[in-house]
Amino acid sequence: MDAKGGDQTAPGATIYAVASGGGKAAICVVRLSGRRCGEVLSRLTRRPVAPREAALRQIWSPSTGTLIDQALVLYFQAPASFTGEDCLELHLHGGRGVVAAVLRELGTLEGLRPAEPGEFTRRALLAGKLDLAEVEGLADLIDSETEQQRAQAVKQFSGGLTGHVALWRERLLEALALVTAEIDFGDEGDVPADLIGTIRAHSAEVLGYVDAALAQQKGAARVRDGISIVLAGPPNAGKSSLLNVLAGREAAIVSEYAGTTRDVIEVALDIAGVPVWLVDTAGLREAEHPAEAEGIARAQARAAQADLVLWLNAADEPRLEPPPKLSTELWRVTTKADLAPGAAQAGEIALSVRSGVGLDALVTRLADYVRERLPQEGVALLTRQRHVQACARASLALRRIVEGGPELAMDLLAADLQQAARALAEVIGLIDVEQVLDDIFSRFCIGK
Ligand SMILES: Nc1nc2c(ncn2[C@@H]2O[C@H](COP(=O)(O)OP(=O)(O)OP(=O)(O)O)[C@@H](O)[C@H]2O)c(=O)[nH]1
Ligand SMILES: [Mg+2]
């Protein structure tokens, strides 16, 4: 995204990129945005195409005059397009030779250059087609792998978070207008009591919404980033066996020798539409080998960071108690129930990977656990640290207004309202956009 000087890299350049997935496919979409789209269209197709109508056209090489492909072509005229500029989509046949030929031809045309990662979306943002929260929603939508991730991302992309935050901010700006009027036209001194009451009511209302969103942020972040569940316990408890059966593949080595697992092994699961990281760890004991000792240290560190620890003990072995300082939620599981049925203590989950007993019940309990952690309906979803930090700042400023004494100086009141409104504006990118832009767009893929 750095301008390197010259017409080719100027922000006004017409950009192009493959917008569909990599590899061989039936169709490959090449997308263009910028002033030269109309010209490119007539040079490639030699016939006009009406805007916003799909047209089947032959694609000709401007350099050699030979036929390259036959494609469905879509032309969007500024400003009615994704980027707000003229846009062109070529739905080519997906062969690598076809795509390479078209990209080669585009590269020879003047004023065109390949797009950088996220550049289409960046242009959409700069043209006001999307705001920052919506751009983040789009990024999450493209990255989504599970149903809850998709649902949360599409909400944010279609203005879910923006709608909430814009409304809160409007309430604060109304209050700020009252304060400003008082400062400009009222008597010198403190704010009149009834005005303070009105402003407190506005602020308290918004504070309620912001705090509710902050209270739910963990749920929103879990949907986006996943929940981590760590399998821990003594060696030979059957941790790796349970991981494999839940993953449906032999991800971890299983053997009858204690101390088999030394590395931390993670598999991604989809439980109740939420991404779950299931983590297998080294069995905890006094290790003799330094590699095993390192594995055990890593196991303990992962268990401490987990959302949930499944503490496994084998039914036919002496029990090991979990480390006392573990702050994470912990479920006790008795494994190998086939070897000693009835060995599980009250409140424990009993299961056997060998016989299959208790596995369905564990999966059901895990799904319930995940569902209970989903954010509630109707609350603004703060999916990123950026949103959380901005809302926390707004919350602090509003709390000063709501919890302040009966006599509030007008300029302080105005400053707090302004600070809260400003923090909320940051969420949707009305101010201080530039700092976060590079961070967000560098993670986009080219063509988006
Ligand atoms: N009978 C029976 N044997 C089991 C069951 N689950 C695991 N085992 C056996 O117990 C042994 C240890 O299993 P692992 O899954 O490797 O145990 P682990 O907890 O990962 O052990 P470490 O990696 O050494 O800490 C293997 O021989 C497994 O086949 C079970 O449900 N029933
Ligand atoms: Mg193991």
Side-chain angles (χ1 to χ4, degrees), residues 226-271 275-326 328-369:
I227 291 179
S228 72
I229 301 179
V230 168
L231 303 174
N236 250 348
K239 301 179 293 297
S240 302
S241 304
L242 183 58
L243 177 95
N244 289 348
V245 75
L246 291 176
R249 63 189 170 90
E250 302 299 310
I253 299 171
V254 166
S255 88
E256 72 270 29
Y257 296 100
T260 301
T261 304
R262 291 179 171 185
D263 285 325
V264 171
I265 296 168
E266 291 188 52
V267 296
L269 303 181
D270 178 339
I271 297 182
V276 170
W277 296 100
L278 190 66
V279 186
D280 184 22
T281 59
L284 303 186
R285 65 171 176 184
E286 290 296 326
E288 280 163 18
H289 196 286
E292 189 184 356
E294 173 61 23
I296 289 170
R298 290 183 188 195
Q300 284 165 327
R302 286 310 287 264
Q305 291 165 9
D307 291 300
L308 172 66
V309 169
L310 302 189
W311 184 260
L312 274 58
N313 270 298
D316 63 335
E317 296 273 346
R319 288 170 168 275
L320 179 72
E321 282 301 303
K325 286 200 303 279
L326 213 61
T328 317
E329 182 168 351
L330 180 141
W331 297 354
R332 288 165 192 267
V333 179
T334 297
T335 57
K336 311 192 191 179
D338 56 299
L339 296 180
Q345 296 176 353
E348 289 190 346
I349 300 164
L351 59 83
S352 163
V353 169
R354 189 78 36 101
S355 73
V357 156
L359 289 176
D360 285 348
L362 175 66
V363 170
T364 307
R365 248 186 96 168
L366 287 174
D368 289 343
Y369 169 87

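Every number for a ligand or one of its atoms is a count from 1 in the order of the listing. One-based numbering along the sequence shown.
The single protein non-hydrogen atom nearest to atom 25 (O) of ligand 1 is Lys239 NZ, 2.8 Å, given as residue, atom name and distance. Closest to atom 3 (N) of ligand 1 among all protein heavy atoms lies Arg354 NH2, 3.4 Å. The protein heavy atom nearest to atom 13 (O) of ligand 1 is Ser241 OG, 3.5 Å. Of all protein heavy atoms, the one lying nearest to atom 31 (O) of ligand 1 is Val353 N, 2.8 Å. Of all protein heavy atoms, the one lying nearest to atom 28 (C) of ligand 1 is Val254 CG1, 3.6 Å. Taking atom 26 (C) of ligand 1 as the reference point, the nearest protein heavy-atom neighbour is Ser255 O, 3.4 Å. The single protein non-hydrogen atom nearest to atom 12 (C) of ligand 1 is Asn236 OD1, 2.9 Å, given as residue, atom name and distance. With hydrogens left out, the protein atom closest to atom 10 (O) of ligand 1 is Lys336 NZ, 2.9 Å, a heavy atom.
Each of the atoms 31 (O) of ligand 1 lies under 4.0 Å from some heavy atom of Ser352. Per-residue contacts place Gly283 under 4.0 angstrom from the following atoms of ligand 1 (heavy atoms of the residue considered): 25 (O). Atoms of ligand 1 lying under 4.0 Å from at least one heavy atom of Tyr257, given by number and element, are 24 (O). Atoms of ligand 1 lying under 4.0 Å from any heavy atom of Leu339, numbered from 1 in the order shown and given with element: 1 (N).
For Thr261, heavy-atom contacts with ligand 1 shorter than 4.0 Å involve the backbone as well as the side chain. Heavy atoms of Ala337 found under 4.0 angstrom from ligand 1: none, in either backbone or side chain. Residue Ala258 touches ligand 1 through its backbone alone, judged by heavy-atom distances below 4.0 Å.
The nearest pair of heavy atoms linking Ala287 to Ile296 is CB-CD1, 3.7 Å. Across every non-hydrogen atom of Pro234 and Leu312, the tightest pair is CD-O, 3.0 Å. Here the shortest heavy-atom pairing between Gly259 and Pro235 reads N-CB, 3.7 Å.
At a 4.0 Å cut-off, at least one heavy atom of Asp338 sits close enough to ligand 1 to count as contact.
Expressed to the nearest 0.5 Å, how far CG of Asn313 lies from NZ of Lys239 amounts to 9.5 Å. For the atom pair OG1 (Thr261) and CG (Asp280), the distance works out to 4.5 Å, reported to the nearest 0.5 Å. The distance from the CH2 atom of Trp331 to the CD atom of Glu348 is 13.5 Å, given to the nearest 0.5 Å. In this structure, the separation between CG on Leu351 and CG on Leu362 is 6.0 Å, given to the nearest 0.5 Å. Separation of atoms CD (Glu317) and CG (Asn236) is listed at 6.5 Å; rounding is to 0.5 Å.
Residue Trp311 is tested with Leu320, Val333, Leu231 for a side chain to side chain contact (heavy atoms under 4.5 Å, CB included); the sole match is Leu320. A side chain to side chain contact (heavy atoms under 4.5 Å, CB included) with Ser240 is found for one member of Ile265, Val254, Ile253 and no other, namely Val254.
For atom 17 (O) of ligand 1, the choice among Gly358, Gly356, Gly238, Gly295 with the nearest heavy atom turns out to be Gly238. Which of Gly233, Gly259, Ala314 comes nearest to atom 24 (O) of ligand 1 through a heavy atom is settled by distance: it is Gly259.
Between the OG atom of Ser240 and the OG1 atom of Thr261, the angle taken at the Mg ion (ligand 2) works out to 90° after rounding to 10°.
With hydrogens and angles disregarded, no donor-acceptor distance shorter than 3.5 Å links the side chain of Asp307 to the backbone of Ile227.
No hydrogens or angles considered: nothing links the side chains of Arg302 and Ser228 as a donor-acceptor pair under 3.5 Å.
Among the atoms of Leu351, none of the N or O lies under 3.5 angstrom from an N or O of ligand 1.
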